[in-house]
Amino acid sequence: MIFALAGWRLSAATGAFFLGPEAKKLGKLMPTRPADDPEVQARIRRILLIARIDVVVLLAVAFVMTAKPFL
C-alpha cells in the first residue's frame, strides 16, 4: 500500500514539475523552429522517455493496488 501511494505521488510530481513545464517550453519552441530541429527532437525524446517511465510506475501502482502481492 505504501508503495502504491509513493508511486502515485511520484507520478503526480513528475507531471507537475517536469512534464507540464517541459511541454510548455516545447510549445513555445515549436513555432520558432521546425519539427526536425535537433533541440526540438531532443525535448520530445526527453518528454517521451519520462512519460514512458511514468506509465511503468503507474502500471506497477495499479498492479500493487489490485493484486496485493505483499500481503
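These figures come from a predicted structure and were not determined experimentally.
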Audit row: Val57, Trp8, side chain to side chain contact (heavy atoms under 4.5 Å, CB included) steps and yes/no: CA-CA 8 Å; Val57 169; Trp8 191 259; over 6 Å; no
Check: Would one find more than 12 heavy atoms of other residues, nucleotides or ligands at under 6.0 Å from atom CE of Met30?
Finding: yes
query: Quick one: does Arg46's side chain get under 4.5 Å of Phe18's, heavy atoms only?
result: yes
Next on the checklist: Applying a strict under-4.5 Å side-chain criterion to I, L, V, M, F, W and Y, I'd like to know whether Ile50 and Leu48 cluster together.
Outcome noted: yes
For residues 52-64, the side-chain hydrogen bond (donor to acceptor under 3.5 Å, both in side chains) pairs (sequence neighbours left out) are Ser11-Asp54
Interatomic distance, CG@Leu29 vs CD1@Ile44, rounded to 0.5 Å, equals 9.0 Å
dist Leu5:CG -> Leu10:CG (nearest 0.5 Å) comes out at 12.5 Å
Arg9 meets the salt bridge (Lys or Arg N to Asp or Glu O under 4.0 Å) criterion, sequence neighbours left out, with none
Practice problem: Please lay out, stage by stage, how Asp36 and Val40 fare under the test side chain to side chain contact (heavy atoms under 4.5 Å, CB included). | Solution: CA-CA 7 Å; Asp36 60 347; Val40 171; over 6 Å; no
Which atom names give the shortest non-hydrogen contact between [X] and [Y], and what distance separates them?
X: Phe63; Y: Pro69; answer: CE2-CG, 3.7 Å
X: Leu19; Y: Ala51; answer: CD2-N, 4.3 Å
X: Ala4; Y: Val64; answer: CB-CG1, 4.3 Å
X: Pro21; Y: Gly15; answer: CD-O, 4.3 Å

- Do side-chain atoms of Glu22 reach the backbone of Arg43 as a donor and acceptor pair under 3.5 angstrom? no
Apart from Ile2 itself, members of its ILVMFWY cluster (side-chain separation under 4.5 Å) are none
